[in-house]
Amino acid sequence: MLDTRYPIAMKITEICARDFNLAMTLNSGQVFHWEKAGRGFVGTIGDLPVYVEQNGTVLILGGAPWPAPETRALPRIVAHYFALDHRLAEICASFPDDPVMNAARLFCRGLRIIRQPRWECLATFICSSMKQVAHIRQISKALRERFGVALKIDLSKDHCSGADSCIVHTFPSAERLAKNSERELRKCAVGYRAAHLLATARLVDSGEVDLDEWQVLSDTDLRQQLCELPGVGAKIANCVMLFAYERLRAFPIDVWIERVLRQHYFPRARKLNTARLREFSESHFGEHGGYAQQYLFHHALSRARKSAVSRKQARKWQE
DNA sequence: GCCCAGGCCATTT
DNA sequence: AAATGGCATGGG
């Protein structure tokens, strides 16, 4: 039956996306809310519900109701979000030429650092400390479902199997989160991070902190401002700089990246403090160090996951 | 039960 | 300055 709310129920548009791997980008641990639906993914870009599917060098788009004004702008919004304008070949060519980096570059072909909304990125990464990627996805989902705005996506049967519609949720605004008690936030499995999330939400909501104003700051000043927020240290500040402020030099060092650096760049080096690692990462990986870092991170994590699966299968074999 | 996870923070040396 | 322990939660 025709949905009479809109003259045309669903408008599918296509855009060209060269040097881009959608699934790799969405699964690389930089963004946590996109979910598989049919042959593509559903999620939100800001307040817009979006369906996106990759077919070679073409992205098939849908999701937003037609003829909302945003829908006409959808191709531009999606292209900007996925940073299709980044000159990926040049960025990858700027990485250092060493065995580890070359393996990661080969493995992560088409991975782009996307442009995330600032508050959404900041809040999500405050929840990320001492959490596995799968858990961060759970937390993001819980926060959205409890406090976000539900939006319906009409899925064309031509492009999706199964259900013909689904619901996605926006990430809750700082204002929405600031209204809650810490106890309420803890229902989303954020644990001890609830206090930090709430305190930062209230700083942003009150206007004392304006994340958009900070875009004019230098890398050093931006990092310093971010680190003053509750629950934000050097690592999370660098993630937010990289994923929400397009500071492609920012090089977050988490436990995985630290392992990669120690094993492959400093074998047999004891007494290697974080300051020394930071110094090395900033000088060795160049002007797109953040990109290099994300390639190293995703490659290392994927290898670990793969070997975990192998161990599991080996155990099964033994029975 | 154990160990670990895209860390941060307060406290102690 | 540098090292240490606590912190919630869930998966392997």
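As the structure is a prediction and not an experimental result, all values here were calculated from the model. Chain A is the first sequence line, chain B the second, and so forth, proteins listed ahead of strands; every chain is numbered from 1.
Using a 4.0 Å heavy-atom cutoff across all strands shown, Leu296(A) reaches no nucleic acid atom at all. Among the protein residues, Gly29(A) comes within range of the nucleic acid bases, having at least one heavy atom under 4.0 Å from a base atom.
Within residues 135-144 of chain A, the residues that place at least one heavy atom under 4.0 Å from DNA chain C are, in residue-number order, His135(A), Gln138(A). Within residues 190-205 of chain A, the residues having any heavy atom closer than 4.0 Å to DNA chain C are, in order of number, Gly191(A), Tyr192(A), Arg193(A).
Between Lys271(A) and dA3(C) there is a side-chain polar atom (N or O) within less than 4.0 angstrom of OP1 or OP2. The phosphate of dA5(B) has OP1 or OP2 within less than 4.0 Å of a side-chain N or O from Arg259(A).
A residue-by-residue look at Trp256(A) and Val232(A) shows that Trp256(A) has its nearest nucleotide of DNA chain B further toward the 5' end. A residue-by-residue look at Ala134(A) and Arg186(A) shows that Arg186(A) has its nearest nucleotide of DNA chain C further toward the 5' end.
Judged by Watson-Crick or G-U wobble contacts below 3.5 Å, the nucleotide dC8(B) has dG6(C) as its partner. Figure legend. dG11(C) is base-paired to dC3(B); pairs are counted as Watson-Crick or G-U wobble with both atom distances under 3.5 Å.
Across dC8(B) and dG11(C), the matching C1' atoms stand 23 Å from one another, rounded to whole Å. Separation of the P atoms belonging to dA2(C) and dG6(B) is 27 Å when rounded to the nearest angstrom. Taking the P atoms as reference points, dC9(B) lies 23 Å from dG10(C), given to the whole Å.
As a whole-Å value, the separation of Arg305(A) CZ from dA5(B) P is 13 Å. Atom pair Arg276(A):CZ and dA2(C):P shows a separation of 14 Å (rounding to whole Å applied). One interatomic measurement links the two molecules: CD of Glu182(A) to P of dT9(C), which rounds to 11 Å at whole-angstrom precision. Nucleotide dC9(B) holds its C1' atom 16 Å from the NZ atom of Lys235(A), rounded to whole Å. With rounding to whole Å, Met130(A) atom CE is found 9 Å from dC7(C) atom C1'. For Lys131(A) and dG10(C), the NZ to P distance is 6 Å, given to the nearest whole Å. Across the protein-nucleic acid pair, Ile257(A) atom CD1 and dG7(B) atom P stand 11 Å apart, rounded to whole Å. Ile126(A) has its CD1 atom 18 Å from the P atom of dG6(B), to the nearest Å.
Put simply, Phe243(A) and Tyr81(A) are part of two different groups of oily side chains (I, L, V, M, F, W, Y) that touch within less than 4.5 Å, one to the next.
Using a 4.0 Å cut-off between charged nitrogen and carboxylate oxygen, Asp212(A) and Arg118(A) count as a salt-bridge pair.
In this structure, Phe297(A) packs face-to-face on the six-membered ring of dG6(B), meeting both the 5.5 Å centre cutoff and the 30° plane limit.
When Glu120(A), His169(A), Arg144(A) are each tested for a side chain to side chain donor-acceptor pair (under 3.5 Å) with Thr44(A), only one passes: Arg144(A). Just one of Val78(A), Leu74(A), Ile114(A) meets the side chain to side chain contact (heavy atoms under 4.5 Å, CB included) condition when paired with Ile45(A); it is Val78(A).
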- Query: For Tyr265(A) and His284(A), what are the C-alpha separation, side-chain angles and deciding distance, and is it a ring-ring contact (aromatic ring centres under 6.0 Å, His included)?
  - Reply: CA-CA 10 Å; Tyr265(A) 295 98; His284(A) 185 256; 5.2 Å; yes
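Figure legend: cation-pi geometry between Arg278(A) and Phe251(A) absent, as NZ or CZ is not positioned both under 6.0 Å from the six-membered ring centre and within 45° of its axis.
With hydrogens and angles ignored, no donor-acceptor pair under 3.5 angstrom links the side chain of Glu258(A) to the base of dG7(B).
Considering every non-hydrogen atom in both Leu151(A) and Leu48(A), the closest pair reads CD1-C, 4.4 Å. Closest heavy-atom contact between His299(A) and Cys108(A): N-SG, 4.2 Å. The minimum heavy-atom distance linking Lys235(A) with Ile253(A) is given by the pair CG-O, 3.5 Å.
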Show the atom names and distances, to 0.1 Å, of all donor-acceptor pairs under 3.5 Å that link a side chain in residues 170-178 of chain A to residues at least two apart or in another chain.
from: Thr170(A); atom 1: OG1; to: Val149(A); atom 2: N; distance (Å): 2.9
from: Ser173(A); atom 1: OG; to: Arg176(A); atom 2: N; distance (Å): 3.0

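A 4.5 Å side-chain heavy-atom check between Asp219(A) and Met241(A) finds at least one atom pair inside the cut-off.
Closest contact between the side chain of Ser129(A) and the listed nucleotides dA2(C), dG7(B), dA5(B) involves dG7(B).
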